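These numbers come from the heavy atoms of this one structure, side chains and all, not from hydrogens, waters or symmetry mates. Reminder, nothing fancy here: chain letters follow the sequence lines and each chain counts from 1. The structure displayed is predicted, hence computed values, not measured ones.
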There are 2 protein chains.
Amino acid sequence: MEVLPAAGRWQEINEVDGMTTEAWEPVQRVRTYEQVMAQIEDRILDGRLKAGDKLPSERDLSALLGVSRPSLRESLRVLEALGIVDIRPGGGAEGGAVLVGEPGSGFVNLLKLQLALGQFDQTEVLETRIALETWCCEEAAQRATEQDHRELGLILDRMDDPDIGTAEFNRLDAAFHVRIAESTGNSLSAHLMGSLRTAINRQMIEAYARLENWKETATVVRREHRDILDALHRREPAEARRAVGDHIRSFYNIGNVEA
Amino acid sequence: MEVLPAAGRWQEINEVDGMTTEAWEPVQRVRTYEQVMAQIEDRILDGRLKAGDKLPSERDLSALLGVSRPSLRESLRVLEALGIVDIRPGGGAEGGAVLVGEPGSGFVNLLKLQLALGQFDQTEVLETRIALETWCCEEAAQRATEQDHRELGLILDRMDDPDIGTAEFNRLDAAFHVRIAESTGNSLSAHLMGSLRTAINRQMIEAYARLENWKETATVVRREHRDILDALHRREPAEARRAVGDHIRSFYNIGNVEA
DNA sequence: GCTGGTTAGTTGGTCTGACCATCTGATGTT
DNA sequence: AACATCAGATGGTCAGACCAACTAACCAGC
């Protein structure tokens with residue numbers, strides 16, 4: 001933990017170049033908030049700032065950088081939305097902007113909007129999930145520990161509840177897939193996967209809701225999940241890959257009956 | 001193209017609840033910029049806003065929403081950083097915030113910082129690339145057109161230049177991999193892949209620069225690229241998958257000799 | 001009538017200064 | 001010692017102002 005001012009000087013952004021207006025040609029407009037972002041990025045990239053460090057207060061930092069508080073705040077807002085800093089109000093040790101070391105909801109925020117805007121479509125999300133999850137299962141079949149197996153089993157057990165609702169079923173479904181990814185030890189894959197899943201969560205729930213006989217679908221899903229877990233238990237990467245691929249494709253076909 | 005005010009009323013954010021201060025208990029703090037984001041998100045999600053639409057001017061929109069311009073601007077900054085809107089200064093038809101329909105550099109911005117912060121490490125990026133690229137190659141072996149094959153060949157031809165520098169070689173290398181992904185028709189996978197690659201671009205270049213005999217490495221890389229393209233030509237998914245997996249792993253081993 | 005320069009208005013970009021709610025931590029009281 | 005209180009710091013928000021860049025309409029001159 002380190003408070004910034006002690007970690008070297010911040011460079012003031014508003015530097016005069018004192019030259020004539022000529023020779024100012026292709027240099028595209030750079031907004032001050034971008035320059036602020038750039039300075040913070042640099043300090044992160046070269047290690048002067050690391051996870052857990054706390055930034056100076058908005059007033060201090062804006063003064064250090066020679067920019068106004070609103071501009072500085074625009075930068076902080078972006079960093080917050082990206083999940084880079086965590087901002088808490090209040091004074092003392094608790095308040096302030098802290099660099100976070102754990103991935104947050106940055107991807108989900110991004111993906112949801114990009115999906116809604118039609119930058120990507122649902123089929124692409126599905127295929128990308130298949131790409132990631134087949135690899136994850138393949139690796140999980142080799143890397144997963146007994147503990148991973150147990151926890152995955154517990155999730156499936158909870159999904160066996162005959163009185164379960166679609167919302168909870170869907171939640172556990174997602175948890176199962178993410179848990180597999182996590183058992184590979186690759187948090188990026190796991191996080192990406194989870195984000196993709198979350199981004200289309202709304203559609204998933206609606207798809208479940210559209211099913212008249214969703215209980216039958218649930219039965220199929222339960223069976224396929226068990227198959228996947230069995231393959232992990234038996235440590236058969238190829239079989240695990242096949243099982244999860246079929247599983248995702250099968251659910252996609254069901255859910256898209258009337259899409 | 002549609003300018004917003006005509007597309008239904010915006011709901012003012014500052015609504016009084018007129019109640020006593022009691023019964024205000026677990027409702028966690030919601031900042032106005034988040035409420036603005038939420039309203040714009042809603043309009044995107046339900047289709048009232050779509051790619052190509054232009055938002056009202058900052059002054060108008062802030063008035064419509066009943067928030068101050070700085071708060072509104074914080075929201076716009078975030079949407080811009082996420083690649084959701086494109087903001088251009090100046091009046092008339094050119095200026096203003098426009099919703100974009102093409103994925104931009106949102107992922108890269110995010111990944112670079114998350115990587116720098118240690119939220120993920122390089123090995124995870126590598127493995128995720130393998131997950132995505134093996135799938136992409138497998139599919140590309142089935143989906144790629146003759147045109148795709150031609151363009152990929154052209155990229156490899158340019159990499160054959162014996163006088164090529166590391167920077168250009170690396171750039172073409174990335175282009176080759178991304179072009180394969182694009183030939184699957186899955187722009188999400190392609191974009192994710194490209195973003196992962198871009199996020200570690202700096203490290204890639206440094207890795208190349210560290211190699212004393214990088215020419216030899218380049219020879220190996222060229223050969224492996226040709227193998228991959230051959231597999232695509234012959235439309236052998238399994239072979240394409242294997243070739244690209246080996247290729248990535250092989251380069252990783254070389255580049256990490258002294259990492 | 002057409003061209004070209006001028007001007008008014010709009011837009012985003014930025015800043016200043018102010019006020020509020022909340023939380024911390026020291027102060028002071030019981 | 002325990003509690004209540006208050007000053008200060010912090011983030012959250014706002015109003016108003018100015019600037020630079022650009023558009024579009026206007027107008028003078030040919």
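Atom CD of B/E58 and atom P of C/dG12 are 5 Å apart (whole Å). B/R31 places its CZ atom 16 Å from the C1' atom of C/dC20, with the value rounded to the nearest Å. Taking atom CD1 of A/I87 as the reference point, atom C1' of D/dT13 lies 14 Å away to the nearest angstrom. Rounding to whole angstrom units, CZ of residue A/R88 and P of C/dA21 are separated by 23 Å. In this structure, CG of B/L61 is placed 17 Å from C1' of C/dG13, rounded to the nearest angstrom. Nucleotide D/dT13 holds its P atom 13 Å from the CE atom of B/M37, rounded to whole Å.
In terms of the side-chain contact (heavy atoms from CB on, under 4.5 Å) criterion, residue partners of B/Q39 (sequence neighbours excluded) are, by chain and number, B/W10, B/Q11, B/I13, B/L65. The side-chain contact (heavy atoms from CB on, under 4.5 Å) test applied to B/S105 returns B/N109, not counting sequence neighbours.
Rounded to the nearest 0.5 Å, atoms CZ (A/R150) and CG (A/L152) are 11.0 Å apart. The line from CG of A/L111 to CG of A/L192 is 8.0 Å long, rounded to the nearest 0.5 Å.
A salt bridge is defined here as a Lys NZ or Arg NE, NH1 or NH2 lying under 4.0 Å from an Asp or Glu carboxylate O, and B/R31 with A/E80 meets this definition.
Considering only side-chain N and O atoms, B/S57 lies nowhere under 4.0 angstrom from the phosphate OP1 or OP2 of C/dT10. Distances shorter than 4.0 Å separate some side-chain N or O of A/S71 from OP1 or OP2 on C/dC15. Of the side-chain N and O atoms in A/T32, one or more sit less than 4.0 angstrom from OP1 or OP2 of C/dT14.
Listed for the B/E151 side chain is no donor-acceptor partner under 3.5 Å among the backbone atoms of B/D148.
Below 30°, between 30° and 60°, or above 60°: for B/Y208 and B/F169 the angle between ring planes is above 60°, a perpendicular geometry.
In the region residues 72-80 of chain B, proximity to DNA chain C at under 4.0 angstrom, judged on heavy atoms, holds for B/R73, B/R77.
The side chain of A/S68 lies closest to C/dC15, out of C/dG12, C/dT11, C/dC15.
Side-chain atoms of A/R59 come within donor-acceptor range of the base of D/dG11, with a qualifying N/O pair under 3.5 Å. Evaluation of atom-type donor-acceptor distances gives a pair under 3.5 Å for the side chain of A/R69 against the base of D/dG12.
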